[in-house]
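A short write-up of the structure that comes next.
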Amino acid sequence: QVQLVESGGGLVQAGGSLRLSCAASGSIFSINAMGWYRQAPGKQRELAAVITSGGSTNYADSVKGRFTISRDNAKSTVYLQMNSLKPEDTAVYYCNADIILRTYFKERSNYWGQGTQVTVSL
């Protein structure tokens, strides 16, 4: 019913920048919060940044001042601008969205993207 498709990951040197995008499509009535999570090898998945439908944002302490989350509601897309990247930012980054479905009962459901690899080298 709903798909989240991520793009923009890759390999970058420390100090560099990347921009991730995540587009939602399908039977969507509206989207509440959208966020980016990340999972490094051998570690649990953790929140990197989240943005509400109204534009309020919240960041993990480890990315504050370096990452910026934004969204384009008309395109059902969320972005993560990552600057001053560090090797410890290396992880698979997952998009997440809290979606109200375009169904009779307007069910609310949570969706994940497939993940995109971000690798930061020294």
Side-chain angles (χ1 to χ4, degrees):
Q1 284 180 309
V2 172
Q3 278 190 317
L4 300 182
V5 179
E6 300 138 336
S7 60
L11 173 64
V12 64
Q13 286 189 325
S17 299
L18 282 174
R19 189 191 195 210
L20 306 182
S21 299
C22 171
S25 62
S27 298
I28 298 170
F29 178 76
S30 64
I31 305 177
N32 297 324
M34 302 183 81
W36 288 96
Y37 290 71
R38 64 185 186 180
Q39 188 167 18
K43 294 188 177 181
Q44 288 189 328
R45 191 173 298 188
E46 63 176 9
L47 175 69
V50 65
I51 184 168
T52 68
S53 56
S56 297
T57 58
N58 194 32
Y59 297 92
D61 288 343
S62 57
V63 308
K64 278 181 183 176
R66 300 188 298 121
F67 290 11
T68 301
I69 189 170
S70 61
R71 63 191 283 174
D72 184 334
N73 291 329
K75 296 181 178 180
S76 299
T77 299
V78 62
Y79 306 97
L80 187 67
Q81 178 66 44
M82 305 184 293
N83 299 328
S84 303
L85 282 161
K86 305 175 181 180
E88 50 264 43
D89 294 318
T90 295
V92 178
Y93 284 70
Y94 296 91
C95 173
N96 179 269
D98 183 31
I99 292 175
I100 306 298
L101 298 175
R102 195 192 309 143
T103 58
Y104 183 82
F105 292 107
K106 301 290 190 297
E107 292 95 337
R108 178 180 179 180
S109 192
N110 190 267
Y111 292 88
W112 292 91
Q114 80 283 359
T116 185
Q117 177 71 45
V118 171
T119 303
V120 184
S121 63
L122 288 169

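Hydrogens, waters and symmetry mates are skipped; everything else that's a heavy atom, side chains included, is used.
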Look at the side chain of E6 and the backbone N and O of L20, then say whether any donor-acceptor pair between them is shorter than 3.5 Å.
no

Salt bridge (charged side-chain N to carboxylate O under 4.0 Å, His left out) against K64, all qualifying residues, sequence neighbours excluded:
D61

Would N73 and I31 satisfy side chain to side chain contact (heavy atoms under 4.5 Å, CB included), going step by step from the backbone distance to the final call?
CA-CA 8 Å; N73 291 329; I31 305 177; over 6 Å; no

Here the gap from L18 atom CG to Q81 atom CD, rounded to the nearest 0.5 Å, amounts to 8.5 Å

Give every residue pair that meets the side chain to side chain donor-acceptor pair (under 3.5 Å) criterion with at least one member in residues 8-30, sequence neighbours excluded.
S17-N83

Could you measure the distance from the CG atom of N110 to the CG atom of N96? Nearest 0.5 Å is fine.
4.0 Å

Taking side chain to side chain contact (heavy atoms under 4.5 Å, CB included) as the definition, give me every residue that meets it alongside D72, ordered by chain and number, with sequence neighbours left out.
A74, K75, Y79

Across all chains, not counting sequence neighbours, the side chain to side chain contact (heavy atoms under 4.5 Å, CB included) partners of V92 are Y94, Q117

Could you give the distance from CH2 (W36) to CD1 (I69), rounded to the nearest 0.5 Å?
8.0 Å

Output every pair passing salt bridge (charged side-chain N to carboxylate O under 4.0 Å, His left out) with a member in residues 101-122, not counting sequence neighbours, ordered by first then second residue.
D98-R108

Which pairs would a plain distance check flag for residues 47-57, meaning a side-chain donor or acceptor within less than 3.5 Å of a matching protein atom at least two apart in sequence or in another chain?
{"residue": "T52", "atom": "OG1", "partner": "G54", "partner atom": "N", "Å": "3.3"}
{"residue": "T52", "atom": "OG1", "partner": "G55", "partner atom": "N", "Å": "3.3"}
{"residue": "T52", "atom": "OG1", "partner": "S56", "partner atom": "N", "Å": "3.0"}

For A23, what residues pass the side chain to side chain contact (heavy atoms under 4.5 Å, CB included) criterion, not counting sequence neighbours?
T77

Look at atom CD of Q39 and say whether more than 12 heavy atoms of other residues, nucleotides or ligands are closer to it than 6.0 Å.
yes

Set of side chain to side chain contact (heavy atoms under 4.5 Å, CB included) partners for V2, sequence neighbours left out:
I28, I99, L101, Y111

Does any pair with a residue in residues 81-96 pass salt bridge (charged side-chain N to carboxylate O under 4.0 Å, His left out), and if so which ones, sequence neighbours excluded?
R38-D89, R66-D89

R45: what forms a salt bridge (charged side-chain N to carboxylate O under 4.0 Å, His left out) with it, not counting sequence neighbours?
none

Any donor-acceptor pair under 3.5 Å linking the side chain of T90 with the backbone of V120?
yes

Please name all residues satisfying ring-ring contact (aromatic ring centres under 6.0 Å, His included) with Y37, sequence neighbours left out, ordered by chain then number.
W112

With Q1 via side chain to side chain donor-acceptor pair (under 3.5 Å) - residues at least two apart
none

